[in-house]
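What follows is a set of notes on a single structure, which appears directly below.
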Amino acid sequence: MLAILPMKLAPFPTPRTLIRQWQDGEIEREEMQRLMAQHQLALLDEAEQYHQNPIAGYIEGLLNKRAARRLMMQHSEAAIRELFMALSWLDDFPPSAFLWNADHWDLALHAFFRTKSEPVFRVREMMIKSSRAVILIEHGAAKKSKTQRERITFKRHWKGEMEVVKRERV
């Protein structure tokens, strides 16, 4: 088994980024596989933590499902996933480590929310129009006073995909 330092997922490049870097020749195959293994071990470590405390995991799941349901009452699941995918392309955005596969419809939407467990990812407000969107999110520490709030503006580019055009701390 690989010996790694315990890390949150945020410092890792996303698997999609690792594959792109390998295909572009920026990293070697062994480096890509080593970083993918670290990403996988961090996920397994988090799953083990929920296994050790199933009540906390159950409550986190309920809170995440409620957050996803609240957003889906206002917007379509496809629109929410599209914004999450646009966020996942940001290199300097720590929650991208959790959002990189938001376009995989076999994963439930609530799996991308992190209401209480660190690093948190909460969507506070969302406004979606056909060619633009604005989202207010909180991420980082679980304690509200230490959580980062950002208002992110999206615009649909010529290929028809949403992209981030503006980020501001709130």
Side-chain angles (χ1 to χ4, degrees), residues 1-23 27-126 135-150 152:
M1 180 156 191
L2 282 173
I4 63 167
L5 297 171
M7 302 174 86
K8 297 284 186 192
L9 286 176
F12 299 131
T14 64
R16 185 179 52 222
T17 302
L18 291 173
I19 291 170
R20 183 191 48 78
Q21 288 175 340
W22 173 64
Q23 288 174 337
I27 60 173
E28 296 294 322
R29 180 181 176 92
E30 293 78 24
E31 178 72 5
M32 179 195 65
Q33 289 175 333
R34 184 183 67 77
L35 290 170
M36 287 280 221
Q38 285 185 340
H39 191 83
Q40 181 183 21
L41 287 174
L43 285 170
L44 292 173
D45 182 48
E46 187 172 45
E48 179 63 27
Q49 289 174 9
Y50 284 129
H51 182 71
Q52 296 296 325
N53 191 351
I55 295 171
Y58 178 74
I59 292 170
E60 175 78 9
L62 288 177
L63 292 171
N64 294 344
K65 287 176 184 176
R66 185 177 78 184
R69 220 177 15 254
R70 180 181 57 87
L71 278 179
M72 286 195 308
M73 288 173 58
Q74 300 168 356
H75 310 286
S76 72
E77 184 174 353
I80 297 167
R81 287 178 182 270
E82 183 179 22
L83 295 182
F84 285 179
M85 282 305 298
L87 288 172
S88 76
W89 285 106
L90 299 174
D91 291 330
D92 60 340
F93 187 65
S96 66
F98 301 104
L99 301 173
W100 68 272
N101 57 352
D103 61 344
H104 293 190
W105 284 81
D106 55 335
L107 293 173
L109 185 64
H110 67 83
F112 302 107
F113 292 87
R114 300 177 61 87
T115 308
K116 294 284 183 193
S117 57
E118 285 191 13
V120 299
F121 177 72
R122 303 179 194 118
V123 177
R124 290 296 178 202
E125 296 175 10
M126 186 178 283
I135 185 172
L136 177 65
I137 59 165
E138 293 178 341
H139 61 90
K143 191 173 182 181
K144 287 220 179 199
S145 62
K146 296 183 180 184
T147 302
Q148 295 180 27
R149 292 186 91 171
E150 286 188 65
I152 302 174

Please table the atom pairs, donor to acceptor, closer than 3.5 Å between any side-chain atom in residues 98-107 and protein atoms at least two apart or in another chain.
none

For this session: Step through the shown structure and confirm whether more than 12 heavy atoms of other residues, nucleotides or ligands are within 6.0 Å of CG on Leu44.
Result: yes
For this session: Report the residues that fulfil side chain to side chain contact (heavy atoms under 4.5 Å, CB included) with Arg124, sequence neighbours left out, ordered by chain and then residue number.
Result: Arg122, Leu136, Glu138, Lys144, Arg149
Exercise. Roughly how far, to the nearest 0.5 Å, is the CD atom of Gln40 from the CD atom of Gln33?
Worked result: 11.5 Å
Seminar exercise, completed: By side chain to side chain contact (heavy atoms under 4.5 Å, CB included), Tyr50 pairs with (sequence neighbours left out) Glu46, Glu60, Ser117
Problem set entry | Note, Phe93 side chain near Ile137 side chain (heavy atom, < 4.5 Å) | yes
For this session: For Arg70, enumerate each residue passing the side chain to side chain contact (heavy atoms under 4.5 Å, CB included) test, keeping only those at least two apart in sequence or located in another chain.
Result: none
Problem set entry | Residue list, salt bridge (Lys or Arg N to Asp or Glu O under 4.0 Å) with Glu31, at least two apart or on another chain | Arg34
Exercise. Does His139 reach the main-chain N or O of Pro94 with its side chain, forming a donor-acceptor pair under 3.5 Å?
Worked result: no
For this session: Give the minimum heavy-atom separation between Met85 and Arg16, together with the two atoms involved.
Result: CE-NH1, 2.6 Å
Problem set entry | Spatial distance of atom CG (Asn53) from atom CD (Glu48) [nearest 0.5 Å] | 11.5 Å
For this session: Quick one: list whatever passes side chain to side chain contact (heavy atoms under 4.5 Å, CB included) with Ala141, sequence neighbours left out.
Result: Glu118, Lys146
Exercise. Do Met126 and Leu71 have side chains that get closer than 4.5 Å, going by heavy atoms?
Worked result: yes
For this session: Could you tell me the separation between the OG1 atom of Thr17 and the CD atom of Gln21, rounded to the nearest 0.5 Å?
Result: 6.5 Å
Exercise. Side-chain contact, heavy-atom cut-off 4.5 Å: Leu90 with Ser96?
Worked result: no
Exercise. Between the side chain of Arg114 and the main-chain N/O of Phe121, is any donor-acceptor distance below 3.5 Å?
Worked result: no
For this session: Would you mind reporting whether Phe84 and Val123 have side-chain heavy atoms less than 4.5 Å apart?
Result: yes
Exercise. Less than 4.5 Å apart, any side-chain heavy atom of Leu41 and any of Asp45?
Worked result: no
Problem set entry | Neighbour count >12 (heavy atoms, 6.0 Å) for atom CD, Glu77 | yes
